[in-house]
Protein chains: 2
Amino acid sequence: MDKHTTREAGRPPGMTDVARVAGVSAQTVSRALAGHPNVQEKTRAKVLAAVEQLGYRKNNAARVLSSGRSRTIGVVTLQTSFYSRTALTHGIERAAQEAGYAVSAATTASLDTSAIESAMLRLADQHVEGMILAVPLIHVSRQIEQLTGAVPTITVDGSRTSATEVVAVDQSLAARLATRHLLDLGHETVWHVAGPRAWLDASSRSQGWRAVLEGEGRVVPPELEGDWSPESGYRNGLILGRIPDVTAVFVASDEMAFGVIRALHELGRRVPDDISVVGVDDIALAEYCSPSLTTVAQPFAEMGALAVAHLMRYIADPDAAMEPASVEPSLVVRASTAPARRV
Amino acid sequence: MDKHTTREAGRPPGMTDVARVAGVSAQTVSRALAGHPNVQEKTRAKVLAAVEQLGYRKNNAARVLSSGRSRTIGVVTLQTSFYSRTALTHGIERAAQEAGYAVSAATTASLDTSAIESAMLRLADQHVEGMILAVPLIHVSRQIEQLTGAVPTITVDGSRTSATEVVAVDQSLAARLATRHLLDLGHETVWHVAGPRAWLDASSRSQGWRAVLEGEGRVVPPELEGDWSPESGYRNGLILGRIPDVTAVFVASDEMAFGVIRALHELGRRVPDDISVVGVDDIALAEYCSPSLTTVAQPFAEMGALAVAHLMRYIADPDAAMEPASVEPSLVVRASTAPARRV
DNA sequence: TGCGCAGATGATAGCGCTCCCACCTGCCGG
DNA sequence: CCGGCAGGTGGGAGCGCTATCATCTGCGCA
């Protein structure tokens with residue numbers, strides 16, 4: 001550090017430097033750059049010229065320290081590469097960028113309360129103005145409660161216990177679309193391989209599936225559960241393939257669906273001839289693996305944008321009432337589903 | 001803001017508060033928390049107790065402003081969900097976290113110089129101590145040169161023009177493993193669907209493939225090019241499938257490989273009976289799609305760790321000489337490759 | 001016995017910005 | 001004609017922390 005206040009070589013220009021060059025005060029520079037209304041056009045122009053000339057860039061740390069506002073939001077995600085979370089994160093990033101916000105990501109290796117807590121704390125330390133939780137909040141600790149109280153937080157998994165705002169794809173609808181599609185093809189009933197129960201996404205799908213079957217007076221088969229990985233789909237497929245009257249399966253994610261299909265294949269049951277399979281997500285490979293997968297496409301980009309929009313509103317007015325928002329998924333029919341064969 | 005220096009309700013506790021409770025000076029608190037050696041164990045304990053009692057959390061903005069060090073590194077990635085980049089990012093995140101660094105991600109929608117420039121500037125504004133570029137630097141602008149001069153930067157794509165340090169998977173080896181595997185199965189020669197030329201990953205694979213063929217005196221078929229997407233693999237597959245003497249194809253990514261396989265399938269050429277296909281990456285689905293894919297696994301986690309380790313060393317001593325580092329991929333043989341049929 | 005040095009602690013001065021308030025123009029109405 | 005009021009501007013005072021230097025202890029050694 002240096003005693004002299006005069007400009008130094010090797011130090012980036014500060015607001016004072018801009019002020020000097022523009023012939024105004026540092027204060028005016030601040031206002032001009034912040035888009036404050038009470039600044040003459042002429043003055044603003046002078047400031048901008050000086051900024052250009054010096055190659056001035058704002059010092060974010062100073063701004064945050066002084067104002068408490070960071071223009072940054074945080075996203076908590078699970079440290080894995082499931083397609084859905086990746087796609088969602090991208091949607092959020094793009095939307096945040098457009099809103100002039102930076103995104104700070106904190107990943108957690110597990111869904112433990114303490115792990116999520118620590119991810120949220122890391123974000124809080126970075127003075128984020130809001131958070132988006134892309135993981136299910138299984139248990140809301142005192143610490144988390146305090147954080148969500150202090151920092152506007154929304155969750156895109158819609159944890160049922162939380163005190164946070166919720167944005168979500170209508171997963172129940174996704175499940176209903178899939179299940180009804182299979183019934184429409186003439187199948188007696190539809191089996192289901194669900195995601196982990198901790199995820200609301202997973203349990204909403206399960207509920208939607210069950211609702212359709214019950215509404216139609218069909219037998220509701222026991223539900224199987226995976227962990228989103230292809231491998232868990234495979235394990236469940238090995239079970240399903242051994243049950244003779246299984247002819248239609250709704251799987252809670254595309255990656256698991258391919259695992260299921262592989263297992264069925266190995267057991268000699270053909271898809272879609274013997275068994276129809278529907279997934280969820282519409283990953284890039286869904287169309288190109290064999291057989292191409294009938295699935296329910298999720299509008300992840302839209303979803304990210306909606307989450308950010310919601311959060312912005314929440315940040316602007318923390319007291320405003322907000323009802324949960326949701327976007328609609330859509331069915332994409334491909335080759336993994338076929339009409340039930342006459343018995 | 002407030003005139004009084006005494007504690008206020010509703011304001012989080014600061015270092016001065018901790019100092020008061022612990023009965024030491026703010027300075028000592030700073031040193032104790034920074035792990036400075038010249039602090040008595042007893043004093044440190046008192047400080048930690050006070051921290052605990054007050055629920056004190058450091059103010060990062062203030063630390064950055066004052067010290068210039070942010071304990072944050074930045075990562076520039078492309079705004080897509082290709083498996084490789086996602087996996088790599090996770091490797092980086094984990095390693096950085098272990099090193100006590102936060103990760104700030106900046107995504108860019110395109111590979112334009114200006115887009116990458118702006119992503120790097122955004123990171124610079126956040127006072128990152130170092131950057132990892134996970135995108136190819138096609139053209140190094142004056143601005144970028146200035147940035148890489150000011151902030152330690154390494155690239156994991158190994159752009160040939162850049163003035164940055166390089167960490168990479170040995171892609172040439174990956175290609176040689178794949179190509180040799182196919183030749184060993186008795187195929188006359190091997191065709192290649194490459195990634196975009198702008199990516200060094202892609203061109204290294206192409207070179208490795210070519211080197212093996214030339215070394216063995218085989219015919220080097222013309223090279224096809226995709227954009228990493230399954231769809232581009234499909235397009236190229238539609239071409240390859242129409243060429244009668246194609247019996248083995250090395251594809252630069254798993255996602256493209258499945259696209260190729262699908263196209264071949266549609267043209268009535270069986271994999272692996274008629275044509276063997278090898279991919280690169282070993283994505284989670286490689287084992288579960290049909291046929292399961294022979295591929296070259298990339299050690300992304302290791303790679304991320306290596307990149308971070310390199311960057312840490314670079315940050316610690318920007319002048320230290322560092323040779324490019326690389327990690328080794330490994331071949332995973334599955335069902336998409338088979339011995340060439342006797343002609 | 002005393003000097004000096006090293007280890008432990010404290011005091012002070014910023015880091016670059018934004019807030020609050022005072023100021024200074026010019027113009028309106030009384 | 002002058003007080004007042006509004007829009008524009010400038011002047012300080014911090015924001016919470018760390019760097020630098022000063023200070024203060026205790027101890028070894030001559």
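Residue numbers begin at 1 in each chain, while the letters A, B, ... track the order of the sequences.
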Output the rounded distance in Å from CG (Asp125(B)) to P (dC17(C)).
11 Å
Nearest heavy-atom contact between Ala119(B) and Val76(B) is CB-CG1, 4.1 Å
Strictly below 4.0 Å: does Thr28(B) bring a side-chain N or O up to OP1 or OP2 of dG10(C)?
yes
Are Arg20(A) and Asp17(A) ion-paired here, with the side-chain N under 4.0 Å from a carboxylate O?
yes
What closest approach, in Å, do Ala307(A) and Ile132(A) show between heavy atoms, and which atom pair accounts for it?
CB-CD1, 4.1 Å
What integer distance in Å separates Gln40(A):CD from dG26(C):C1'?
11 Å
Ala62(A) side chain, from C-beta outward: closest of dT9(D), dT18(D), dC17(C):
dC17(C)
What is the distance, to the nearest angstrom, from the CD atom on Gln27(B) to the P atom on dT20(D)?
11 Å
Going through the checks in order, is the side-chain hydrogen bond (donor to acceptor under 3.5 Å, both in side chains) test met by Thr72(A) and Gln126(A)?
CA-CA 8 Å; Thr72(A) 299; Gln126(A) 289 173 62; over 6 Å; no
Without decimals, in angstroms, what is the distance between Arg44(B) CZ and dT9(C) C1'?
13 Å
Given dT9(D), dC15(C), dG10(C), which nucleotide is nearest the side-chain atoms of Leu65(B)?
dC15(C)
Closest listed nucleotide, where the reference is the side chain of Asn38(B) and the choices are dG10(C), dA8(C), dA19(D)
dA8(C)
Using the side-chain contact (heavy atoms from CB on, under 4.5 Å) definition, which of the options Val140(A), Val135(A), Leu121(A) pairs with Ile116(A)?
Val135(A)
Which sits closer to the 5' end of DNA chain C, Pro37(B) or Gly14(A), going by the nucleotide each is nearest to?
Pro37(B)
Specify the residue among Val24(B) and Arg69(A) whose closest nucleotide of DNA chain C lies further upstream toward the 5′ end.
Val24(B)
Any side-chain N or O of Ser66(A) under 4.0 Å from OP1/OP2 of dC17(C)?
no
For atom CG of Asn59(A) and atom P of dG16(C), their distance in whole Å:
7 Å
Compare the minimum distances between each of dG10(D), dT9(C), dG14(D) and the side chain of Thr43(B), then state the nucleotide with the smallest one.
dT9(C)
Ser67(B) side chain near dT18(D) phosphate (N/O to OP1/OP2, under 4.0 Å):
no
Which nucleotide sits closest to the side chain of Val39(B): dT9(C), dC17(C), dG8(D)?
dT9(C)
Which of the following nucleotides, dT9(D), dC17(C), dC17(D), is nearest to the side chain of Arg63(B)?
dC17(D)
To the nearest angstrom, the CE-C1' distance between Met15(A) and dT18(C) comes to 8 Å
Closest to the Arg31(A) side chain: dT9(D), dG10(C), dT18(D)?
dT9(D)
Integer-rounded Å distance: dC17(D) P and His127(B) NE2
17 Å
Separation of atom NZ in Lys46(A) from atom C1' in dG8(D), rounded to whole Å
12 Å
So OG1 of Thr28(A) and NE2 of His36(A): to nearest 0.5 Å the spacing works out to 10.5 Å
What I want to check is whether an N or O donor and acceptor connect the side chain of Arg57(B) with the base of dG16(D) at under 3.5 Å.
no
